[in-house]
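Read through the structure below, which is laid out as structure tokens, and then see the notes.
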There are 2 protein chains.
Amino acid sequence: MNDPNIPLCNPLLKLDNQLCFSVYALSRLITKTYQPLLDTLGVTYPQYLVLLLLWEHESLTVKELGEKLLLDSGTLTPLLKRMEQRGWLSRRRATHDERSVIATLQPAGRALEQQAQEIPVQLGNCLDMTIEQISDLRQQLKPIISQLNK
Amino acid sequence: MNDPNIPLCNPLLKLDNQLCFSVYALSRLITKTYQPLLDTLGVTYPQYLVLLLLWEHESLTVKELGEKLLLDSGTLTPLLKRMEQRGWLSRRRATHDERSVIATLQPAGRALEQQAQEIPVQLGNCLDMTIEQISDLRQQLKPIISQLNK
DNA sequence: AAATGTTTAATTGTGCACAACCTAATAGGA
DNA sequence: TCCTATTAGGTTGTGCACAATTAAACATTT
């Protein structure tokens, strides 16, 4: 009994029933929808997220970026180096604590903000949802994210 | 006017207001939550998704896997080759159409189904949501996915 | 049958993501 | 002070994702 060659037909093991797959697929679809919009700025989606934060805060340490984006230095360091090479930001050690690296927006990075103004609007059109629906869904995801981020 | 060095403070360009980031972050958090569970099977999350489909359908072409998972051959081919090397599935050209490659579950892959039985339950515990909440959220994401997948 | 167009995978190259590990700087005690 | 532990980034290696290109098999048209 329990022959390993017989299917078990556990409904919980069906792709269609998995919230996880829906989130995974939606995330990639959203990135793909952003792509042509971000191509006009020459940035990738994760780079765009870094820019969103720097447009708002001007200067942030790698640690702060990591906390806000839930990314570690293994992802951020090479990503920030590419952005530095393009002149969008600078990277330097903090003088008061040589362990910290501060990323600071450069004029070329600030200039991209102008071109990005219409991106959220255009993406909203692609989603075919109202502002309320979008905001509502975001509020639903919030507690799940903080639950998993413990 | 429109000095590129002055912040614009467009609220739509704030990370906190972006549904997109929530989905992106949640997707990575879910994968990270699966990780220790999948480690006991020795599979990655995308490989687990392929197994879910093969446990149900036994045999699928690369094209069919791609349609169901929304992944292209550039992702699937190397992934399936790794799974083939581990003996979980076989890859062979279809005799009636030599363009198609059929992935077929092998006994070693079927055996993993036994060990996977508890994974959805354990993940449900981590999410701290009821079956109804999970199902409800999945229903909400469905139309957004099909909208973007056009 | 020959020419043309389409479908299906595979390949190549870039950029994340992340685990595991390493190093230097700092903080906190004994 | 010295010793220990902690913190912040960086490095390395593996595995996705995906765009762009290629090639072979099949379908269609003439």
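Letters A, B, ... mirror the listed sequences (proteins, then strands); counts begin at 1. Quick caveat, the model's predicted, so the values are computed rather than measured.
The nearest whole Å value for the distance from the CG atom in Leu38(B) to the P atom in dG15(D) is 15 Å. In this structure, Leu76(B) places its CG atom 12 Å from C1' of dA10(C), rounding to the nearest Å.
Considering only side-chain N and O atoms, Arg82(A) lies under 4.0 angstrom from the phosphate OP1 or OP2 of dC16(C). Checking the phosphate oxygens (OP1, OP2) of dA9(C), no side-chain nitrogen or oxygen of Lys81(B) falls inside 4.0 Å. Between Thr44(B) and the phosphate of dT14(D), there is no side-chain N or O to OP1/OP2 separation shorter than 4.0 Å. Checking the phosphate oxygens (OP1, OP2) of dA10(C), a side-chain nitrogen or oxygen of Arg91(B) falls inside 4.0 Å.
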Pairs: protein N or O with nucleotides 17-22 of chain D N or O, under 3.5 Å:
{"residue": "dA17(D)", "atom": "OP2", "partner": "Tyr24(A)", "partner atom": "OH", "Å": "2.3"}
{"residue": "dC18(D)", "atom": "OP2", "partner": "Arg28(A)", "partner atom": "NH1", "Å": "3.0"}
{"residue": "dC18(D)", "atom": "N4", "partner": "Gly74(B)", "partner atom": "O", "Å": "3.4"}

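Partners of Arg91(B) by salt bridge (Lys or Arg N to Asp or Glu O under 4.0 Å), not counting sequence neighbours, listed by chain and number: Glu84(B). In this structure, Glu118(A) has no salt bridge (Lys or Arg N to Asp or Glu O under 4.0 Å) partners at least two apart in sequence or on a different chain. Under the salt bridge (Lys or Arg N to Asp or Glu O under 4.0 Å) criterion, Glu98(A) pairs with no residue, sequence neighbours left out. Legend: residues meeting side-chain hydrogen bond (donor to acceptor under 3.5 Å, both in side chains) with Arg99(B), ordered by chain and number and at least two apart, are Asp97(B). The side chain to side chain contact (heavy atoms under 4.5 Å, CB included) test applied to Lys142(A) returns Gln139(A), not counting sequence neighbours. For the side chain to side chain contact (heavy atoms under 4.5 Å, CB included) test, residues two or more places apart in sequence or in another chain that qualify with Gln115(B) are Leu41(B), Leu112(B). Residues forming a side-chain hydrogen bond (donor to acceptor under 3.5 Å, both in side chains) with Asn10(A) (at least two apart in sequence, or on another chain): Gln117(B). Applying the side chain to side chain contact (heavy atoms under 4.5 Å, CB included) rule to Leu37(A) yields the partners Ile119(A), Gln122(A), Leu123(A); only residues at least two apart in sequence or on another chain are considered.
For the segment residues 98-105 of chain B, residues with any heavy atom less than 4.0 angstrom from an atom of DNA chain D are, sorted by number, Glu98(B), Arg99(B). For the segment residues 55-66 of chain A, the set of residues with a heavy atom within less than 4.0 Å of an atom of DNA chain D comprises Thr61(A), Val62(A), Lys63(A), in numerical order.
Applying ring pair (Phe, Tyr, Trp, His ring centres under 6.0 Å) to Tyr24(B) and the options Tyr24(A), Tyr48(A), Tyr34(A), Tyr45(A) leaves one that passes, Tyr45(A).
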Quiz: residues 71-79 of chain A side-chain donor-acceptor pairs under 3.5 angstrom, not counting sequence neighbours:
{"residue": "Asp72(A)", "atom": "OD1", "partner": "Gly74(A)", "partner atom": "N", "Å": "3.2"}
{"residue": "Asp72(A)", "atom": "OD1", "partner": "Thr75(A)", "partner atom": "N", "Å": "3.2"}
{"residue": "Asp72(A)", "atom": "OD1", "partner": "Thr75(A)", "partner atom": "OG1", "Å": "3.4"}
{"residue": "Thr77(A)", "atom": "OG1", "partner": "Ser73(A)", "partner atom": "O", "Å": "3.0"}

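Candidate nucleotides dA25(D), dG15(D), dA10(C) were compared by shortest atom distance to the side chain of Asp97(B), and dA25(D) ranks first.
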